[in-house]
Number of protein chains: 2
Amino acid sequence: MPNLLTDEPESADIATDSVQGVSRGITAPHGTTKARIERAALTLFVERGVDGVAVREIAAKVGITDAAIYRHFKSKAELAESLMLAIHERLTDLVREVGAKNAPFRDKVTDLVTDYCAAADDDWDLFTYHLLHLHHFPHLFAGESSSHVRRVGPISVCANMLKQAVEEGEIEPGNTQLLASMVLGIVLQAASAKAHLRVRGPLSIYAPEFDKAVWAVLRHR
Amino acid sequence: MPNLLTDEPESADIATDSVQGVSRGITAPHGTTKARIERAALTLFVERGVDGVAVREIAAKVGITDAAIYRHFKSKAELAESLMLAIHERLTDLVREVGAKNAPFRDKVTDLVTDYCAAADDDWDLFTYHLLHLHHFPHLFAGESSSHVRRVGPISVCANMLKQAVEEGEIEPGNTQLLASMVLGIVLQAASAKAHLRVRGPLSIYAPEFDKAVWAVLRHR
DNA sequence: TGTAAGTTAGTTAACGTTCACTAACTTGTA
DNA sequence: TACAAGTTAGTGAACGTTAACTAACTTACA
């Protein structure tokens, strides 16, 4: 450790991610410099967007120089995208796994809502990054019209799950893409409300509410 | 009555700015340079975010030089914020007006959904700007905890409407902020799906579906 | 003819990235 | 074991570019 420089410039962010500390890994092992860069970048990206954050600021938050960032990431864009890909795939897999379960559809809905909330609470900043800044990475949610490489994501996988439910006679037929958006919207807009400090506490405490609401939408059509 | 949730493409995107042309005013009268700047800025801001767009690009799109922009707007930030304020207040007023109606609560819900969709279709780019980039303007949605200047917006006004409905015994008591987020989330996430080309056509064609879903959530608790 | 609205040609600052260099480890082998 | 050689992860200074914005000048027209 050659550098005994300033530990923390500002913050006093006590409330945010208390358990594992700010160096929790997203791609890299906990505690490594790479993980600390990821965490610092994530926090800043969430607050001000990728374009609103200078590489120098990320470095300052970690306690290294901007040049050192490039020992770990090819570019700022790669850093930003690797973070987005991590949460995007994590959430996509989550939905896929629930969908693949051998369980009654009603239970799968509950599991989906519960697991989604748990994932959000597990790494709130990462989840918020996905929630607020996904549109910064158009190739990750490209519609199915233009290219025939269809990018999957939580919503399209959820739509597939609903399509299967339709085939099995669990719910009425309809536009499953739209329906998936509507039901996930219940959870996501509530998450957005939490991000904007309109609701408090872990998202999971509202999971039963979400479950009831989602099921109400799926049943009454 | 045709099923509005069919997977059919149904209709092409005729709704996008064909009628009034790209110089439609948001703050300024139609056809003026100021209006054309607003429209050009809006289109670019929606696509790539405020920080992702250079003043030069906006000017180029209008057919003037970047310096000329400053004859009409004090700064890029002011331009971006005036656009956001316009749609933010338009939507807030919309919700307020529906809430102030002297009509059965069930009808107000239908009106809210219908009018919200109509507002989205009326100026899709402006609506999308609000949907995707509101978080770029933290002071417009500041939570009620820190400052005592509570900024209102569509969701908080909707929450008030629900609070009133609770007092009048129309729906069960509960966290109205959360409930407002959940029900608006149904519409907003569907709008997001349209923005990402996962669903097609004017948002209004889905309004009856939204209405049913929103009511299902409000009733079954 | 005065002014609104445009131009050209800058300024200043910030950005992402690269450069040459270095201290501290790790490793292969005489 | 001693140590040359290589690797890792950092530094500080710069580079070329681009950004927002401004000053001074020009022009159309009510």
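Every chain is numbered from 1, with letters handed out A, B, ... down the list of sequences.
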Contact class for Val53(A) vs. all strands (heavy atom < 4.0 Å): base, sugar-phosphate, or nothing? sugar-phosphate

Could you give the NZ-to-P distance, from Lys76(A) to dA14(C), as a whole number of Å? 15 Å

dA23(D) P sits how many Å from Asp66(B) CG, rounded? 15 Å

With the side chain defined as heavy atoms from C-beta on, Val55(B) is closest, among dC15(C), dA20(D), dT17(C), to dA20(D)

Within the structure provided, determine whether Phe127(B) and Asp122(B) are in side-chain contact (heavy-atom separation under 4.5 Å). no

Are OP1 or OP2 of dA20(D) and a side-chain N or O of Ser75(B) less than 4.0 angstrom apart? no

Whether Phe137(B) and Tyr129(B) hold their rings parallel, tilted or perpendicular, with breakpoints at 30° and 60°: perpendicular

Name the nucleic acid region contacted by Ala68(A), choosing base, sugar-phosphate or nothing; use a 4.0 angstrom heavy-atom cut-off, strictly under. base

Interatomic distance, Arg71(A) CZ vs dG12(D) C1' [rounded to whole Å]: 13 Å

Whole-Å distance, Leu44(B) CG to dA19(D) P, equals 12 Å

May I have the distance from Glu78(A) (atom CD) to dG16(C) (atom C1'), rounded to whole angstrom? 14 Å

What integer distance in Å separates Phe73(A):CZ from dG10(D):P? 12 Å

To the nearest Å, give me how far apart CD1 (Ile64(A)) and P (dG12(D)) are. 12 Å

Closest of dG6(C), dC21(D), dT11(D) to the Thr65(A) side chain is dT11(D)

Exceeds 12 heavy-atom contacts within 6.0 angstrom, atom NZ of Lys61(B): yes

Contact class for Ala67(A) (heavy atom, under 4.0 Å): base, sugar-phosphate, or nothing? base

Rounded to the nearest angstrom, tell me the gap between atom CD1 in Ile69(B) and atom C1' in dT22(D). 15 Å

OP1 or OP2 of dA4(C) sitting under 4.0 Å from any side-chain N/O of His72(B)? no

